[in-house]
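Convention: sequence-line order gives letters A, B, ...; per-chain numbering from 1. This one's a predicted model, so the numbers in the text were calculated from it and none came from an experiment.
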Protein chains: 2
Amino acid sequence: MFEKEPGRTAGLMHSAGQRAPRQPSIKDIARLAHVSHPTVSRALHNSPLVRPETAEKIRRIAAETGYRASAVARGLVTRQTRTVGLVVTTVSDPFAAEVACGVEQTANDYGYAVFLADSNADPKRERSVVQELAERRVDGIIVTSSRVGALYLPLLKQLNVPIVLVNDQFPGAFVHSVMIANRAGSRAVMKHLIGLGHKRIAYIGDRNGYQSDVERLASYKQALAEAGIEFDAKLAVKGNGGTATAIKAMNGLLDLDRQPTAVCCYNDMTALGAMRAIHARGLRIPADISVTGFDDLFFSGYLDPPLTTVHQPMRRMGEIAMENLFKLMSGEQSVAQAEVKAKLIVRGSTGKAKTARGLTPKSRRR
Amino acid sequence: MFEKEPGRTAGLMHSAGQRAPRQPSIKDIARLAHVSHPTVSRALHNSPLVRPETAEKIRRIAAETGYRASAVARGLVTRQTRTVGLVVTTVSDPFAAEVACGVEQTANDYGYAVFLADSNADPKRERSVVQELAERRVDGIIVTSSRVGALYLPLLKQLNVPIVLVNDQFPGAFVHSVMIANRAGSRAVMKHLIGLGHKRIAYIGDRNGYQSDVERLASYKQALAEAGIEFDAKLAVKGNGGTATAIKAMNGLLDLDRQPTAVCCYNDMTALGAMRAIHARGLRIPADISVTGFDDLFFSGYLDPPLTTVHQPMRRMGEIAMENLFKLMSGEQSVAQAEVKAKLIVRGSTGKAKTARGLTPKSRRR
DNA sequence: AATGGGGTCGCACAGGTGTGCAATAAGGAG
DNA sequence: CTCCTTATTGCACACCTGTGCGACCCCATT
């Protein structure tokens, strides 16, 4: 029929209106090699059950044809899709992006593919993407810095699939996780600031109840106490991990009767906003105010001044999460929760404390 | 047999050593509803061929069981996996991350899942991830700012799958793409700088041969020509789109006998590095040197000073790419290449030109 | 009452791959 | 020469879902 039609357009419209011509299947290879399809399957898996010459011939034909076994058919019979789902609030977040990078690399090394499930911090979408992963029959799931996690955690459990969390904000919900040493990191920052003579140190945190914030704030308070500095509730404010909110929070701190001489920020994004607010008022960093962050995102070392912060091995954390997920998927139940070290990186945004305006610490005591 | 074993550990070790208990299948639902499995299939697809009450009953049972049809089995029979592959050099790159965000959102809206294929700019891995996508039988592919693209482009074509490129660096290889208006964007930047009186304007580009760089550099030259400013080859240097290289490049420019009064950077990452280099020498922006970027990444407005740059609607570009891919997948061959507008965002990093040291433009002419 | 038609439902098969088991052939031991 | 062992290969089935087609029932029409 087709041959009756003149012209050469027919050859180009392969996918116009209908499906593309199907990929070569294992049976096609079998026919070309004059064997049965199970033999092809075995040959391609380097099974010792097939005669070397036959196997060689089959492999050659497969290579020439560009044949690649369908992972979906294999998944159906194997009951393993060799896929994992990566749930993030948004890949726009540099932290999530770095973790994703590590996860993807490691998964790829093991022959696994990763489904990117971006919830965009929308609870409705959050549920839908997880449902989607369930339908896709992923072998495992990694969730990074889940914020609205509580909403769909039961749903995740129902999936009956291994799950590893990265910097979970709701600890206890799952057994397996990779966490940064929040306390040690925050403590190192505070020691550093106190060592520079700061006594009025502010803290811009995340939303209430987030585990990272809880732990970092706790270390902040503890460090103050150990240094004999009284905790001032007005200096510990809430942010949301973003720049815009950080600006508002910082402005609030600058409006205080007695401005802080240092600001300890929940993360680098918050520090970015805080620095902007400080500069906008014509104040200098660190001459007037020192600023610290947490995460050590790619831009932090390039700010003016470069940001003193806590380095978080985000990519490595993604790798560890994936490695642990593999152990889980292969049946190991013994995988514990991993904690990675937090390392203080001192740069230019911190300096010696400016003495309080007109008031020495002593005179204030009276 | 199992009942002979005492203790309650057996119930917990579902995945220890062997596979998890299989998910309920369509046949399980059929048995519970006392119908055949095709009826279940039809009921769940809201087919009019099944009696309303029967359908209702089936849907109820399915909901109670938490049944979700296996996308892999469906994919096998349908020959459509409802998945797309997203190839990026690295999601660590904020540009790629934003595009990924747009792609994922749109795909999700259509019930598609996206495989994240991160090549990490490694040619070997680049090939392997694409091979992987082929095995997975993705319905379509999106490639962002492909750099080593030429290496595996033939491989992509062989897949016989619709492909959409975002900011392709090797135009002509594929028909369908989404591009930023490089020329218009770069031109707007140059007009802005020239309008501020700058005459010695440097350009820090990307590697040789990348389309974005070629076009932006061309507009740079053209704008100079139109303003009657002679092109100085020493002022147009190469970078690689990253901060570290940008610092070196900027230092080279600052070492020149006659420093530029403005630097037009290929992108924001480059500008980030350039600003660092300038600040490191104690020079002021824009008092001593104006700096411009391209992309308008999330941090650009928060730098000190905030960066004048060209806004690129990255997320929207991801959405458009995905929308066009859908059209392609549904058989439309008419999808043209899309070009999105580039918008100049003037911030604080650009200002009036400092007069050249000891030399007026006129005296130089002589 | 016979016929026809529409509404419901199940049978059977396809889609591509992996694997247990049987079948066949070849070769060696008795 | 016969029997047994080993090497090699094919048959048949399973995995789970979607769909064409036939079967059946019920009701209205002639």
Side-chain angles (χ1 to χ4, degrees), chain A residues 18-59 61-62 65-83 111 134-139, chain B residues 18-59 61-62 65-83 111 134-139:
Chain A
Q18 53 204 16
R19 273 191 283 276
R22 76 179 222 294
Q23 307 256 11
S25 85
I26 195 172
K27 290 182 184 172
D28 297 321
I29 308 301
R31 198 177 327 111
L32 288 170
H34 304 289
V35 292
S36 67
H37 81 265
T39 303
V40 175
S41 173
R42 281 187 266 258
L44 264 32
H45 283 83
N46 297 319
S47 161
L49 288 142
V50 41
R51 189 153 51 106
E53 304 105 64
T54 314
E56 183 51 39
K57 178 175 156 199
I58 291 173
R59 279 193 285 266
I61 293 177
T65 326
Y67 168 75
R68 307 228 81 205
S70 160
V72 6
R74 178 185 296 144
L76 186 56
V77 46
T78 308
R79 300 173 99 145
Q80 297 195 78
T81 53
R82 296 182 76 84
T83 56
E135 276 196 29
R136 301 287 176 183
R137 300 291 192 262
V138 294
D139 294 337
Chain B
Q18 53 204 15
R19 274 191 282 276
R22 74 180 225 293
Q23 307 256 11
S25 86
I26 196 172
K27 289 183 186 172
D28 298 320
I29 308 301
R31 199 177 326 111
L32 289 170
H34 304 288
V35 293
S36 68
H37 81 263
T39 303
V40 175
S41 174
R42 282 188 265 259
L44 264 31
H45 282 83
N46 297 319
S47 163
L49 281 84
V50 43
R51 189 153 49 106
E53 304 105 64
T54 313
E56 182 51 38
K57 179 175 155 197
I58 291 173
R59 278 192 286 266
I61 293 177
T65 326
Y67 168 75
R68 310 226 79 206
S70 160
V72 6
R74 179 185 296 143
L76 186 57
V77 46
T78 308
R79 299 175 98 140
Q80 297 195 80
T81 53
R82 295 182 77 84
T83 56
E135 276 197 28
R136 301 286 177 184
R137 300 291 192 262
V138 293
D139 295 337

message: If you define the side chain from C-beta out and look only at heavy atoms, does anything of A:T65 sit under 4.5 Å from A:D28?
response: no
field: First encountered from the 5' end of DNA chain C, between B:E53 and B:A73
entry: B:E53
- request: Give the rounded distance in Å between these two atoms: CD1 of A:I58 and C1' of D:dG10.
  value: 12 Å
- prompt: Are any side-chain N or O atoms of B:S47 and backbone N or O atoms of B:L49, one a donor and one an acceptor, separated by less than 3.5 Å?
  reply: yes
task: Scan A:S36 against the nucleic acid and name what it touches under 4.0 Å (heavy atoms): base, sugar-phosphate only, or nothing.
output: base
- prompt: Quick one: which of D:dG18, D:dT9, D:dC16 gets closest to the side chain of A:T39?
  reply: D:dT9
- line: Atom NZ of B:K27 and atom C1' of D:dT17 are separated, to the nearest Å, by 9 Å
message: Using only atom types and a distance under 3.5 Å, with no angle test, would you say the side chain of A:S70 pairs donor to acceptor with the backbone of A:V72?
response: yes
Length of the line joining B:Y67:OH and D:dC16:P, which is rounded to integer Å: 10 Å
statement: When rounded to whole Å, the CZ to C1' distance for the pair A:R74 and D:dC16 reads 18 Å
- prompt: Nearest-Å distance, CZ (B:R79) to P (D:dT19)?
  reply: 13 Å
query: Rounded to the nearest Å, what distance is computed from the NE2 atom of residue B:H45 to the P atom of nucleotide D:dG20?
result: 13 Å
- request: Would you check if the side chain of A:R137 reaches a backbone N or O of A:A134 as a donor-acceptor pair within less than 3.5 Å?
  value: yes
field: A:H37 vs D:dG10: side-chain N/O to OP1/OP2 distance below 4.0 Å
entry: no
- request: Grab the CZ-P distance between B:R51 and D:dC25 for me, whole Å please.
  value: 14 Å
field: From OH (B:Y67) to CD1 (B:I26), nearest 0.5 Å
entry: 4.5 Å
query: Base, sugar-phosphate alone, or nothing: which one does B:V72 contact when heavy atoms must sit under 4.0 Å apart?
result: nothing
message: Would you say that B:N46 contacts B:R59 through its side chain, given a criterion of any heavy-atom pair below 4.5 Å between the two side chains?
response: yes
message: Closest-nucleotide mapping onto DNA chain D: is B:R42 or B:S70 further toward the 5' terminus? I mean the 5' end.
response: B:S70
- prompt: Where do B:T81 and A:R136 come nearest, in terms of heavy atoms and distance?
  reply: O-NH1, 2.7 Å
Outermost nucleotides of DNA chain C that come under 4.0 Å of a non-hydrogen atom of chain B: C:dT8 to C:dG16
Short side-chain N/O contact from A:T54 to OP1 or OP2 of D:dT9, under 4.0 Å: yes
message: What is the distance, to the nearest angstrom, from the CG atom on B:L76 to the C1' atom on D:dC15?
response: 9 Å
